[in-house]
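Below, chain A is the first sequence line, B the second, and so on; all start at residue 1. All figures in this text were calculated on a predicted structure; none of them were measured in a lab.
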2 protein chains.
Amino acid sequence: MRRGRSYIADMAKRFHKSTSLKELSAIVRLSQSTVSRVINGEGDKFRIARETQDRVLQAAALHGYTANTVARSLRQKRSYTIGVIVPEISEGYSTAVLGGIEDELLKDGYFYFVVSHRHRPDRLKGYQRMMLARAVEGIIAVDSTIEDELPVPVVAVSGHQHREGVVNIELDHGQAALLALSHLKGLGHRRIAFVKGQAFSSDTNRRWRAIVNAAKDLDIAVDPQLVVQLEGIDSGPGPGIEVTRQLLQSRRPFTALFAFNDVTAMGAILALREAGLRVPKDISVVGFDDVLAASTYNPPLTTVRQPLRDMGQTAASTLLGLIRDEIPHPQPAAITVYPNLVVRKSTAQAPAHAPQPVAPA
Amino acid sequence: MRRGRSYIADMAKRFHKSTSLKELSAIVRLSQSTVSRVINGEGDKFRIARETQDRVLQAAALHGYTANTVARSLRQKRSYTIGVIVPEISEGYSTAVLGGIEDELLKDGYFYFVVSHRHRPDRLKGYQRMMLARAVEGIIAVDSTIEDELPVPVVAVSGHQHREGVVNIELDHGQAALLALSHLKGLGHRRIAFVKGQAFSSDTNRRWRAIVNAAKDLDIAVDPQLVVQLEGIDSGPGPGIEVTRQLLQSRRPFTALFAFNDVTAMGAILALREAGLRVPKDISVVGFDDVLAASTYNPPLTTVRQPLRDMGQTAASTLLGLIRDEIPHPQPAAITVYPNLVVRKSTAQAPAHAPQPVAPA
DNA sequence: CTGAAAGCGCTTACAG
DNA sequence: CTGAAAGCGCTTACAG
């Protein structure tokens with residue numbers, strides 16, 4: 001390989017040795033033990049002379065000493081790192097949660113690895129192993145199911161894993177369903193279509209049961225013919241468009257649609273519009289999550305808001321608590337978080353008669 | 001702290017010692033050296049008997065041995081980890097790039113830390129230090145400027161840092177501007193408004209210069225009164241709404257608007273609509289990036305597509321090349337990547353006369 | 001109050 | 001072909 005004249009400089013930079021504890025202690029003429037203690041803020045605990053401490057700290061600052069985290073990890077058998085597993089990284093739901101996780105983790109000096117399994121079980125398993133080999137102290141699984149018993153604490157966000165040792169951060173789906181359905185009922189909707197989530201999403205069943213219950217309580221009939229389910233692993237609007245077209249094709253009348261999530265709601269709106277139906281004039285649509293794009297969509301989405309960022313924060317602080325063993329046993333199986341309804345422009349008064357699609361469906 | 005009866009079990013799990021090299025070698029009655037070599041696939045290189053190798057591999061599989069990465073890192077002075085710095089994690093642009101980075105990195109056994117600086121210089125600096133203390137072997141900066149000379153290679157995605165040792169992955173902005181403006185010109189637009197990016201975004205100036213050049217080439221006049229600039233650090237549609245309102249208030253006629261990015265385009269459309277203007281009938285709007293939401297927006301956005309995921313992949317593979325010193329010197333200062341125009345529904349034939357806002361502006 | 005020494009779990013010259 | 005031993009850079013009993 002040919003190299004230019006910057007090679008030497010490059011190499012020097014590459015192998016730039018940052019000051020080690022050994023060097024620093026030689027400089028201040030103290031043992032590594034003492035210097036280490038001062039650096040780690042245990043100076044007072046060991047009653048090291050203030051003056052000595054200052055000398056150490058100054059020298060450290062002067063030489064830009066930062067402890068090598070790898071060595072520290074090896075010795076302490078702690079990595080100050082956790083692993084986060086999400087289904088898909090380039091996607092609103094996961095990233096909102098990641099934002100919350102970051103807030104909480106970094107202020108405690110923890111870093112995190114992120115991996116996305118893209119709904120492939122082998123990737124999910126493989127990454128678990130790799131993260132463990134990297135000594136992560138805990139794992140946060142976002143909308144992903146960890147099947148194995150892991151040697152570190154795990155917190156599941158929307159995972160619903162009722163296994164000993166995992167704490168779930170879960171939304172109150174009963175509340176969510178009630179919020180959405182009573183809003184729709186209040187607007188006069190009686191014939192409501194439902195789009196269930198993909199089978200692999202752990203929220204799917206819980207939310208559906210909650211909807212069935214809420215419908216019963218509110219005295220709303222759930223017509224099985226108006227219930228469709230998302231398929232495939234595509235997390236974009238495609239599957240929502242698809243099932244809405246099917247719904248339309250069945251010619252079963254409805255005036256409102258409750259989608260599994262916002263992206264699906266957007267897909268549904270596309271399909272409705274394609275069939276010549278107006279939202280919300282002809283059909284009201286309610287989404288779920290309140291992702292960033294929900295408010296700028298046209299029409300802005302009425303949606304059940306999940307406090308995604310809070311959920312990330314809670315997941316992180318809970319995991320940290322678990323790692324530090326600060327959470328009293330028995331550990332809670334779940335921490336419930338509450339949704340609220342954000343009413344925007346995709347819902348309106350129900351029309352007198354359920355409309356029919358006009359365009360080529 | 002009170003503990004339930006699962007405490008012992010918990011602790012056992014927490015301190016679960018995975019098999020060490022020492023243990024494994026005791027089991028197979030070989031030295032750690034030999035076992036280590038076999039595990040690392042250097043068995044043949046050291047001419048270790050096939051049979052011996054098999055015995056080692058089997059025992060490793062049986063006892064689920066995985067080398068402790070922390071110890072390995074310390075010894076080799078390599079971490080197989082890189083750091084990624086983004087402005088904001090919960091945002092379409094960065095996450096698309098992250099997806100590409102992940103693809104490339106994980107297949108080579110590398111992991112990455114992500115941190116977001118949220119446009120605060122102190123966070124940016126602090127994170128650099130923390131990542132370096134964690135021995136990252138390289139850094140990818142997404143739309144962020146690294147000012148210091150770092151002891152590891154850095155690759156900048158849309159960073160434009162022409163400093164020795166950093167490789168920039170950059171879009172061909174000249175091409176991008178030409179694509180957008182000739183599309184608009186072809187539709188008969190002559191009075192075009194421009195929304196420039198925030199001053200802190202490193203793309204802002206380059207793109208603007210490219211636009212000015214392309215306009216000259218295409219013989220399109222750039223009216224300074226129709227040029228506005230985004231302000232603040234909000235990465236949502238807010239700033240776009242704001243400046244479009246100002247534009248409207250100036251009552252300077254225009255028939256098309258070229259936004260700095262898709263989110264801004266969405267904000268602009270909101271503001272236009274608020275003023276009673278229809279998109280694309282009255283005003284055509286062109287976005288930039290082609291984030292996920294662009295295609296589902298209403299109207300679906302005509303936009304200049306940046307191959308974000310590819311840019312992430314290229315950034316990662318380039319960084320890996322730099323780390324392994326496989327890239328010939330002198331290193332390229334930049335790797336250029338090409339945009340393309342995605343024509344959707346937010347642009348149309350220019351109206352005969354520039355429209356005026358009708359609603360309370 | 002401070003230090004000498006062991007050891008975390010690997011990899012890798014060096015020796016045979 | 002295989003192994004004994006050093007050492008990566010820390011922290012932390014243990015000793016005084």
Side-chain angles (χ1 to χ4, degrees), chain A residues 15-56 60 63-81 109 132-137 151, chain B residues 15-56 59-60 63-81 109 132-135 137 151:
Chain A
F15 296 130
H16 165 83
K17 254 180 98 291
S18 49
T19 331
S20 72
L21 183 62
K22 197 171 169 183
E23 290 164 354
L24 187 61
S25 25
I27 292 169
V28 293
R29 309 195 150 276
L30 285 165
S31 71
Q32 293 187 214
S33 325
T34 302
V35 176
S36 171
R37 285 168 189 139
V38 173
I39 297 291
N40 292 319
E42 299 185 316
D44 289 339
K45 182 169 150 205
F46 282 91
R47 303 199 211 170
I48 295 171
R50 256 275 121 68
E51 186 188 273
T52 312
Q53 293 197 38
D54 290 345
R55 197 153 53 90
V56 171
H63 296 84
Y65 174 75
T66 328
N68 177 323
T69 333
V70 178
R72 171 182 290 168
S73 292
L74 179 59
R75 178 57 228 251
Q76 294 188 140
K77 307 190 122 206
R78 303 201 46 183
S79 61
Y80 301 97
T81 301
L132 257 13
R134 279 167 177 266
V136 296
E137 296 181 26
Chain B
F15 296 130
H16 165 83
K17 254 181 97 295
S18 49
T19 332
S20 70
L21 183 62
K22 196 171 169 185
E23 289 165 353
L24 187 62
S25 28
I27 292 169
V28 294
R29 310 195 147 274
L30 286 164
S31 71
Q32 293 187 216
S33 325
T34 304
V35 177
S36 171
R37 285 167 187 141
V38 174
I39 297 290
N40 293 320
E42 299 185 315
D44 289 340
K45 182 170 149 204
F46 283 89
R47 303 198 213 171
I48 296 171
R50 255 276 123 65
E51 186 190 90
T52 312
Q53 292 196 39
D54 290 346
R55 197 154 51 89
V56 171
H63 295 85
Y65 174 75
T66 328
N68 177 322
T69 334
V70 178
R72 171 181 291 168
S73 293
L74 179 60
R75 179 57 228 250
Q76 296 187 140
K77 307 188 122 209
R78 304 201 45 186
S79 61
Y80 300 98
T81 302
L132 256 12
R134 280 168 176 265
E137 296 180 25

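Pair check for D:dA4 finds none; no Watson-Crick or G-U wobble contact set falls under 3.5 Å. Partner assigned to D:dA13 is none, using Watson-Crick or G-U wobble distances below 3.5 angstrom.
Closest approach to the B:Ile48 side chain among D:dT12, C:dC10, D:dT2 is made by D:dT2 (side chain taken as heavy atoms from C-beta onward). The nucleotide whose nearest atom lies closest to any side-chain atom of B:Ser20 is, among C:dT2, C:dG9, C:dT11, C:dG9. Checking C:dT12, D:dG3, D:dC10 against every side-chain atom of B:Ser36, the shortest atom distance belongs to C:dT12. Taking the side chain of A:Ser33 as heavy atoms from C-beta on, and the options D:dA5, D:dC8, C:dA5, the nearest nucleotide is C:dA5.
In this structure, B:Thr66 and A:Arg47 both approach DNA chain C, and ranking their closest nucleotides by distance from the 5' end singles out A:Arg47. Toward the 5' end of DNA chain D, the nearer of the two residues A:Ala71 and A:Thr34, judged by each one's closest nucleotide, is A:Ala71. Mapped onto DNA chain D by nearest heavy atom, B:Arg75 and B:Ser31 fall at different nucleotides, with B:Ser31 at the one closer to the 5' end.
Contacts of A:Thr52 with the nucleic acid, taken as non-hydrogen atoms under 4.0 Å apart, involve only primed sugar atoms and P, OP1 or OP2. Using a 4.0 Å heavy-atom criterion, one finds that A:Leu74 contacts the bases of the nucleic acid, with or without backbone contacts as well.
The phosphate of D:dT12 (OP1 or OP2) has a side-chain N or O of A:Gln76 nearer than 4.0 angstrom. Between B:Tyr65 and C:dC10 there is a side-chain polar atom (N or O) within less than 4.0 angstrom of OP1 or OP2.
Between B:Val56 and the choices B:Ile27, B:Ile39, B:Ile48, the side chain to side chain contact (heavy atoms under 4.5 Å, CB included) rule is met once, by B:Ile39. Just one residue in the list A:Leu30, A:Val35, A:Val38 forms a side chain to side chain contact (heavy atoms under 4.5 Å, CB included) with A:Thr52, and that residue is A:Leu30. When each of B:Asn68, B:Thr81, B:Thr69, B:Thr66 is checked for a side chain to side chain donor-acceptor pair (under 3.5 Å) with A:Arg134, only B:Thr81 meets the rule.
With rounding to whole Å, B:Tyr80 atom OH is found 12 Å from C:dC10 atom C1'. Taking atom CG of residue B:Asp44 and atom P of nucleotide D:dT2, one finds them 12 Å apart after rounding to whole Å. Atom pair B:Leu21:CG and D:dC8:P shows a separation of 19 Å (rounding to whole Å applied). Computed from coordinates, the B:Arg78 CZ to C:dG9 P distance equals 23 Å when rounded to whole Å. One atom, CG of A:Leu24, and another, C1' of D:dC10, lie 13 Å apart when rounded to the nearest Å. Distance A:Gln32 CD to D:dT12 P: 14 Å, rounded to the nearest Å. B:Lys77 has its NZ atom 8 Å from the C1' atom of D:dG9, to the nearest Å. In this structure, CG of B:Asn68 is placed 5 Å from P of C:dC10, rounded to the nearest angstrom.
For B:Arg37 against D:dG3, a side-chain-to-base donor-acceptor contact under 3.5 Å is present.
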From CA spacing to verdict: side chain to side chain contact (heavy atoms under 4.5 Å, CB included), B:Leu21, B:Tyr65
CA-CA 8 Å; B:Leu21 183 62; B:Tyr65 174 75; 3.7 Å; yes
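For the atom pair CG of A:Asp44 and CZ of A:Arg50, the computed distance is 4.5 Å after rounding to the nearest 0.5 Å.
Formation of a donor-acceptor pair under 3.5 Å by the B:Glu137 side chain with backbone atoms of B:Arg78 is not found in this model.
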